[in-house]
Structure formats: C-alpha cells, structure tokens
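Note that this is a predicted model, so its numbers are computed, not measured.
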Amino acid sequence: MMRKQLLALLFLLPFFTNAQNAPAVDTSWVRNNYTKTEHAVAMRDGVKLYTVIYTPKDGQAYPVLMQRTPYSAGPYGENNYRRRLGPNTSLMRDKYIFVYQDARGRYKSEGNFREMTPAIANKKSAKDVDESSDTYDTIEWLLKNTKTNGNVGIYGISFPGYYSSAALPDAHPALKAVSPQAPMSDEFIGDDCYHNGAFFLMDNFGFYSGFDGPKSANGENYERFFRAGSADAYQYFLDFGPLKKANASPFFSDPNSVWRQVVAHPVYDEFWQSRNIKQHLKNVKPAVLVVGGWFDAEDLYGALKTYSAIEKQSPGNNARLVMGPWTHGGWASPSWKSFANYQFGADVNKYYQDEIETKFFDFYLKDKGSFNQAEVTVFETGSNQWKNYDIWPPKNSIPTAYYFGDKGKLSATKPDAVKSVSEYVSDPAKPVPYTNVILGRRNNEYMAEDQRFAAQRPDVLVFQTDSLTSDVTLTGEIAANLFVSMSGTDADFIVKVIDVWPAGAVLPAAEQGQRPVQMGGYQQMVRAEVFRGKFRNSFSKPEPFTKDKIEKVSFKLNEVAHTFKKGHKMMIQVQSSWFPLVDRNPQKFINIFEANEQDFQKSKIVIHHDAKNSSNVVLPVLK
C-alpha cells in the first residue's frame with residue numbers, strides 16, 4: 001500500500017466494502033510455486049520484527065528481494081498467500097525469495113514506531129537502532145536462514161520507498177540492488193506533510209485518521225481515530241474552521257498520535273531536520289534505481305531529491321533515475337497508456353517493467369543479462385517521448401527568466417517600467433480551490449487539470465506569452481522569484497506553470513468508441529508549488545511581513561520534462577490559497593495550528609513587476 005494514496009485520502013470510507021462480500025483473491029499461482037513461512041527476526045537490541053518469506057518450491061538458490069513496510073506484511077497466517085509477489089509479475093515468475101517485513105512498531109512487529117525514524121550516523125551500542133540497522137540485521141538473518149545465492153535487493157513505493165533509501169547508509173555488503181520508488185525524503189520541505197512550510201491538509205487529515213489508531217491485540221489491524229465523510233471536501237474543511245479543533249475529541253485527541261506530532265512542529269526544527277534522510281545518503285555502495293512520477297501528488301520531490309542527494313554526496317555511485325508520466329506508484333499498475341487528458345501513445349509500464357525494473361534486479365542480483373540503462377531516463381510530456389541523459393538536469397538545459405509584465409504579459413524581456421504592479425485580495429473565507437471538481441476525496445488528476453476555473457477568479461493573477469513560434473522544451477528545475485507586498489503579515493504563494501492549448505485543438509480518442517477530446521483553450525497544468533511566505537528567509541525561523549513593504553519571495557518548483565508545442569502559450573498563474581489541498585493561511589503571523597476564527601483576515605497582495613522589482617519565473621529551457 002502507498003502512503004496517503006491508498007490508505008488515506010479523506011472520505012474513502014463510502015467506497016469500502018464488507019470483506020465478506022469481496023471477491024476471492026486468486027492466490028493459486030503463488031501457492032503452487034512458493035512456500036510461505038513466518039518468522040520473528042531478532043534485531044541487535046532484542047526487538048523482534050515480523051517477517052514473512054515466500055521461497056520458490058524448486059529448491060534452488062535464489063537472491064532475496066525484500067520490502068519493509070508500515071502498511072502490513074500480511075495476509076497473516078502461513079496458509080494465507082498474496083496473489084502477487086514483488087514489484088512486477090515478471091520478477092515473480094522469474095523466481096526470487098520474496099520477503100515482507102512489518103517495520104518496527106507496526107502491525108505484528110515489536111518495538112516503537114517512529115515517523116521516518118531518524119538515522120544514527122555513528123552507532124555506539126546495540127541500543128542505537130534505525131532503519132539501516134534493522135535492514136542490516138534482517139539481511140544477516142536471511143543469509144543464515146534461507147537458501148539464497150548471497151545477493152539481496154530491496155524496493156518499495158512511498159513509505160516502503162523511504163525504507164529502501166534508509167537501507168543505503170552503512171548498507172550490508174550483501175545488499176546489491178536498491179530501488180527507492182516515490183520515496184519520502186523530507187516531509188517539511190517537499191514530501192507529504194508540508195511543502196515549503198505549507199501544511200497539506202486534506203491528505204494528512206485523512207491519512208492520520210486511520211494510520212496509527214489503537215492496534216488490535218493480535219497486531220493485525222488498527223482502529224481508526226474517527227470516521228468522517230462528505231461528498232464535498234472543500235465545503236467540509238471550510239465548515240471545519242480553525243485546525244486547533246482537530247486536536248480534541250472526536251478527532252486526534254491522542255497526544256501521542258503522529259498527527260499531533262506533525263502539527264506540534266510547524267517550523268523546520270530538529271524534529272524534521274533529523275528525519276531528512278537525504279543528508280545520510282553518503283558513500284552509497286549498492287546499485288540504485290530511483291523511480292518517480294511527474295504526476296505524483298505525494299512524493300515527486302522525494303524521488304528527484306533522493307537521486308540528487310546520492311549524486312552530490314556519493315562520488316562514483318551507481319545510481320540511476322527514472323521519471324515517467326505516473327501518479328503515485330502508477331508504474332506498478334498492469335498498464336499505463338494515459339492520464340487525465342494526456343495520451344502517451346503506448347503502454348509506458350510495459351517498457352518500464354520489462355526493460356528497466358526487471359533487468360535491473362536480474363542483473364545485479366542474478367548476474368543475468370545486461371543493464372545498460374542511461375543514467376537518467378525521463379518521459380517528456382507534451383512530446384510523449386522517452387529521453388535519456390547522462391546528467392540531470394541535462395547540460396544544455398539553460399535557466400531562462402520569464403518576466404511578469406503589464407496586462408498579463410509574460411516574456412523573456414525584463415520590464416523597464418518605473419512602477420508596475422498586479423494585485424488581488426486574498427480572502428481565507430473564500431479560498432481558491434485546488435480543483436474544479438466537487439469530490440469528497442482528492443482529485444488525483446489535479447496536477448494536469450484545466451486551470452480556466454482558476455484563471456477567471458479575481459484572486460488569481462495570470463501572465464502568458466504570445467503564441468509560440470516553435471516548440472519550447474523545459475527540462476529541469478523551475479524557480480519563482482516574486483517581489484511582493486501585502487496588507488497582512490503572512491501569505492502563501494502558489495505558482496503554476498501552465499500549457500495553454502490553441503483554439504480548435506483536438507486530441508484523438510484514447511480508446512476505440514470514445515469521442516475525440518476538445519482541447520481548444522485548455523490550460524493544462526504542468527507544474528505547481530506552494531510556499532508559505534513567513535519562511536522566505538529561513539524555514540527554521542519564520543518572520544512576519546511588514547505592511548506594504550516590498551520583499552522578495554523565492555522558491556523552487558519541482559523539476560519538469562515537458563514540451564510546449566508550436567502554437568501553444570506558456571502561462572503562469574499566481575494565487576495565495578489552494579484549498580483544501582493546503583490549509584488556509586490566516587494571513588496573520590501566527591502558529592496556524594493555534595489560530596482562532598477571528599485571526600483569519602483578508603489581505604491585499606501586490607505582485608511587483610517593474611525594472612527594480614521584476615517578478616519572474618526561471619524556466620529550464622532545453623537548447
């Protein structure tokens with residue numbers, strides 16, 4: 001299961017079915033070819049972790065392919081089998097010793113669970129344990145107690161992806177291949193909990209309502225803290241009011257819950273800094289395959305920054321990066337031919353699973369075949385092409401400033417006006433929705449959604465180029481540099497990069513029998529990010545804004561690989577709310593988790609774009 005996407009999204013309960021009425025899971029192939037055993041594996045401090053092993057029945061020696069998870073290594077009981085093993089069916093049929101383990105403190109494992117366990121760089125005793133040591137000790141046990149060829153791999157998506165990353169520091173010598181997929185890396189700066197200090201409300205509220213509630217006596221289930229439901233998440237959270245209400249009954253009344261830990265640290269303090277796994281990705285020895293998706297609403301940042309950290313901190317490493325047109329974990333699906341209004345022209349999952357993932361593990365764990373994959377493999381949206389690079393971002397990706405101007409103009413020419421501004425009033429009582437769809441759960445297609453619903457609002461600024469006379473490809477990181485002033489003492493800034501389709505544009509039908517898709521005027525979101533303004537100088541020491549004082553707010557958006565086709569336009573939208581994806585900023589310098597209703601206030605936001613204060617975005621233009 002994947003963090004927040006499968007367990008959590010608020011209001012999934014109406015979609016749950018009674019297990020007694022659920023269709024039977026076909027486990028026959030796995031049952032006929034593998035023997036399942038369950039074990040309590042002791043770690044160096046004596047804590048025992050529940051570990052399930054699926055061993056091929058043919059009696060031959062095979063490498064181990066392991067997943068460590070906080071989402072249950074079940075089904076529990078040696079007669080209850082999974083219907084699929086490993087990251088894809090090809091690897092399952094090729095035969096490995098597949099191992100699943102409940103992480104420390106989760107489900108049937110002993111010990112205390114910690115959200116992204118802080119890594120210990122210099123362990124001095126058996127009491128110094130972290131996810132690296134737990135992985136090491138598990139591998140040591142497996143080498144002694146299974147018929148293995150001596151090679152071990154580990155993989156996982158999202159939280160299990162983090163456990164894969166966390167296995168890399170001081171890795172066991174037998175750990176030869178590691179694939180962190182959509183891994184969490186830094187939950188305050190860009191993954192899951194916060195983005196640039198802005199709290200991702202809807203996902204966190206839903207996820208933590210069920211993640212770490214009271215555990216059953218046999219360790220096989222968790223009780224939800226509460227059950228909430230609505231067909232309209234926007235209205236639900238607007239009516240909910242200030243978030244301090246969530247810290248009491250009937251919500252997160254348990255002071256030890258992960259929700260309470262997360263909201264107790266609204267700045268980048270030691271709690272978050274110690275959980276930043278990127279700083280520990282040094283001297284990495286195993287081969288690494290980092291995988292992420294351009295439409296991943298949870299951990300796009302994690303995939304990109306995990307690879308970057310290894311590259312910067314481990315000279316001579318053997319790491320590769322794959323970024324495809326996927327949502328969170330979409331590459332594990334049987335097929336992937338389209339998403340939202342994107343059509344990819346082929347099954348990108350077949351290519352990834354057959355040509356990259358399977359060959360990676362087969363080569364490094366079985367010494368089978370070859371693995372000559374490029375250093376960086378990315379799917380370029382807009383042109384629908386896989387591209388290979390030997391460095392990321394590619395050397396010929398040139399940071400190019402596009403400046404905001406009068407009358408909504410966006411151009412590469414710096415403005416020369418003495419004074420030029422665009423402004424809007426941001427009202428927390430009427431926040432800009434993140435999607436135009438009324439849903440009780442997150443609209444997973446919002447990352448590619450038509451933004452015309454936002455462009456027509458008076459509290460959203462729009463800047464766009466003229467129609468492009470040739471294709472423009474962006475490949476790399478995007479930066480926003482805003483010169484702002486305001487009537488309040490804090491504000492959020494959401495910057496969206498958008499591909500505007502020309503009038504009359506039509507996409508052919510994705511499937512036979514379907515109608516062509518009318519794309520004329522479609523404002524297709526390519527990338528967007530939020531920044532909480534009080535962190536403009538430091539994520540650890542927030543500062544209030546001074547009324548009407550012009551200040552610079554600069555931040556990075558996640559990388560992109562996208563081609564704006566000839567005849568299209570490039571558009572930038574700027575706004576100060578993105579609700580309920582992100583919590584409401586009271587626009588008053590305050591701990592938002594302690595704010596009262598009267599603390600939420602309107603604010604006039606001014607974006608300056610003159611010769612001195614030239615607000616711009618820096619786009620990575622491929623030359």
Side chain to side chain donor-acceptor pair (under 3.5 Å) between Gln523 and Gln573, intermediate numbers included: CA-CA 10 Å; Gln523 296 177 7; Gln573 290 183 4; 3.0 Å; yes
Pair Tyr268-Asp186, side chain to side chain donor-acceptor pair (under 3.5 Å): steps then yes or no: CA-CA 10 Å; Tyr268 197 52; Asp186 190 328; 2.7 Å; yes
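Geometrically, Arg275 does not engage Tyr162 in a cation-pi contact defined by less than 6.0 Å to the ring centre and at most 45° from the axis. Cation-pi geometry between Arg584 and Phe600 is satisfied (NZ or CZ under 6.0 Å from the ring centre, within 45° of the ring normal).
A distance of 6.0 Å or more separates the ring centres of Phe363 and Phe371. Note: Tyr403 and Phe463 fail the aromatic proximity criterion, with ring centroids not under 6.0 Å apart. Aromatic pair Phe379/Trp386: centroids less than 6.0 angstrom apart. Centroid-to-centroid, the aromatic rings of Trp326 and Phe295 stay 6.0 Å apart or farther. In summary, the aromatic rings of Phe535 and Phe188 are positioned with their centroids under 6.0 Å apart. Tyr234 and Phe579 have their aromatic ring centers within a separation under 6.0 angstrom.
Rounding to the nearest 0.5 Å places CZ of Arg527 at 8.0 Å from OG1 of Thr381. Atoms OG and CD1, from Ser165 and Ile277 in turn, are 7.0 Å apart once rounded to the nearest 0.5 Å. If you take NZ on Lys496 and CD on Glu449, they are separated by 9.0 Å, rounding to the nearest 0.5 Å. Within the model, atoms CD1 of Ile498 and CD of Gln451 stand 5.0 Å from one another, a figure rounded to the nearest 0.5 Å.
For Ser614, the side chain to side chain donor-acceptor pair (under 3.5 Å) criterion is met by no residue, not counting sequence neighbours. Residues passing the ring pair (Phe, Tyr, Trp, His ring centres under 6.0 Å) test with Tyr402, sequence neighbours excluded: none.
Few gaps surround NZ on Lys387; more than 12 heavy atoms of other groups in view lie less than 6.0 Å from it.
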